[in-house]
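All chains are named by letter (A, B, ...) in the order of the sequence lines, taking the proteins before the strands, and each is independently numbered beginning at 1. Note that this is a predicted model, so its numbers are computed, not measured.
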Number of protein chains: 2
Amino acid sequence: MIKIQEIDPDRLEMAANMLKAIAHPMRIAILKHLEGGKKLTVTQIHELLGIEQSTTSHHLGILKDKGVLCSRREGKNTFYYLKHDVLSQVVDCLERCTCGE
Amino acid sequence: MIKIQEIDPDRLEMAANMLKAIAHPMRIAILKHLEGGKKLTVTQIHELLGIEQSTTSHHLGILKDKGVLCSRREGKNTFYYLKHDVLSQVVDCLERCTCGE
DNA sequence: ATTAAATATTTATATATTTGCATTTGTAAT
DNA sequence: ATTACAAATGCAAATATATAAATATTTAAT
């Protein structure tokens with residue numbers, strides 16, 4: 001049994017940033033739409049969520065910047081998808097915890 | 001295969017709040033100290049983290065309010081501990097994700 | 001080279017969060 | 001009842017975040 005976690009401030013900061021990126025209702029909704037390796041464009045997400053295009057782009061930018069999502073441009077479209085699929089499990093886990101209040 | 005997640009705005013909000021509560025370097029550090037069912041007092045945590053007593057109390061209050069921690073008073077001390085132990089797994093999972101950047 | 005569609009950026013405003021100090025409340029001991 | 005220790009609260013200043021409107025960039029088609 002190795003104790004790797006001596007609480008490195010930088011890792012702490014990174015983890016917090018990643019979580020902060022996810023910790024927003026719209027961004028969680030985005031993640032849920034991307035579960036299972038799905039790839040969606042900015043427009044698709046903006047229509048699915050019913051929020052402004054620029055707001056959508058901002059949220060996607062945050063998620064990408066913090067290492068939650070990746071993106072790939074194909075012609076005029078940019079597809080976004082989960083970088084680590086486990087992240088959607090994190091969200092599910094959290095939701096289960098919010099259940100039994 | 002049941003599709004439970006029709007993305008209820010309230011659940012979304014709840015999950016986001018819980019995540020927001022966790023998404024802070026100091027608060028993640030607190031969770032790591034409480035892993036495995038450990039119970040610590042405000043003073044212990046405030047000394048472990050090297051931050052102000054009132055700041056510590058604030059952070060603990062946020063974590064408790066959002067359903068991440070529970071507390072139990074014993075004499076002059078108040079012990080804080082994880083409500084759902086799975087939450088420390090969430091943190092570990094996240095940290096693993098921050099690794100392979 | 002123009003035009004149009006998709007995405008990103010800039011900017012401004014509103015709102016929320018973090019932090020520490022000072023204070024207050026709760027509890028136990030003398 | 002006074003004192004002492006532990007924890008919580010109110011407050012203010014600094015900082016960060018969210019949103020949307022307007023603008024700019026990128027790419028493809030004509």
Side-chain angles (χ1 to χ4, degrees), chain A residues 9-10 12-31 33-34 38-83, chain B residues 9-10 12-31 33-34 38-83:
Chain A
D10 288 335
L12 225 50
E13 191 74 32
M14 260 215 227
N17 282 334
M18 206 166 197
L19 271 171
K20 235 187 287 185
I22 302 174
H24 184 289
M26 284 302 166
R27 298 201 286 264
I28 292 177
I30 291 173
L31 296 200
H33 281 293
L34 295 177
K38 263 167 274 175
K39 305 188 176 192
L40 296 174
T41 69
V42 180
T43 302
Q44 287 175 317
I45 293 169
H46 131 68
E47 284 168 351
L48 276 168
L49 303 192
I51 60 180
E52 286 291 320
Q53 180 274 321
S54 79
T55 305
T56 308
S57 188
H58 260 132
H59 285 313
L60 290 170
I62 289 166
L63 287 168
K64 185 182 176 184
D65 183 53
K66 299 305 191 258
V68 180
L69 298 185
C70 290
S71 68
R72 165 188 303 254
R73 181 141 207 166
E74 276 174 36
K76 285 190 278 193
N77 299 307
T78 301
F79 290 87
Y80 282 86
Y81 53 97
L82 285 173
K83 186 164 184 180
Chain B
D10 289 334
L12 225 50
E13 191 74 33
M14 260 215 229
N17 281 333
M18 207 164 197
L19 272 171
K20 232 187 291 182
I22 302 174
H24 185 287
M26 282 303 166
R27 297 201 286 265
I28 292 177
I30 290 173
L31 296 199
H33 281 294
L34 294 176
K38 264 168 272 173
K39 305 188 177 194
L40 296 175
T41 68
V42 180
T43 302
Q44 287 176 318
I45 293 169
H46 131 69
E47 284 168 350
L48 276 168
L49 303 191
I51 59 179
E52 285 291 319
Q53 180 271 319
S54 80
T55 305
T56 308
S57 187
H58 264 133
H59 285 313
L60 290 170
I62 290 166
L63 288 168
K64 185 182 176 184
D65 184 52
K66 299 304 192 262
V68 180
L69 298 185
C70 290
S71 68
R72 165 189 303 255
R73 181 142 207 166
E74 276 175 35
K76 284 190 280 193
N77 300 307
T78 302
F79 290 87
Y80 281 85
Y81 53 97
L82 285 173
K83 187 164 182 181

Starting at [atom1] of [X] and ending at [atom2] of [N], how long is that distance when rounded to a whole Å?
X     : N      : atom1 : atom2 : result
B:H24 : D:dA16 : NE2   : P     : 11 Å
B:M26 : C:dT18 : CE    : P     : 12 Å
A:E52 : C:dA12 : CD    : C1'   : 15 Å
B:K76 : D:dC5  : NZ    : P     : 7 Å
A:E74 : C:dT7  : CD    : P     : 11 Å
B:L40 : D:dA6  : CG    : P     : 15 Å
B:L19 : D:dT17 : CG    : P     : 16 Å
B:I30 : C:dT19 : CD1   : P     : 10 Å

Side-chain donor or acceptor of B:Q53 under 3.5 Å from a matching atom on the base of D:dA8? yes
Validation row: [X], [Y] side chains within 4.5 angstrom (heavy atoms):
X     : Y     : result
A:L31 : A:L69 : yes
B:L19 : A:I28 : yes
A:T78 : A:L60 : no

For the pair A:R27 (side chain) and A:L63 (backbone), establish whether a donor and an acceptor sit closer than 3.5 Å, ignoring hydrogens and angles. no
Give [X] one of three labels, base, sugar-phosphate or nothing, depending on what nucleic acid heavy atoms sit under 4.0 Å from its own.
X     : result
B:S57 : base
A:Y80 : sugar-phosphate
A:H59 : sugar-phosphate
A:H58 : base
A:T78 : sugar-phosphate
B:T41 : sugar-phosphate

Considering only heavy side-chain atoms of B:R27, the closest of C:dT18, D:dA6, D:dA21 is C:dT18
Side-chain N or O of A:N77 versus OP1/OP2 of C:dA5: is the shortest distance under 4.0 Å? no
Give a yes/no on whether any side-chain N or O of B:T55 is located under 4.0 angstrom from OP1 or OP2 of C:dG20. yes
When rounded to the nearest 0.5 angstrom, what is the spacing between CG in B:L12 and NE2 in A:H24? 10.0 Å
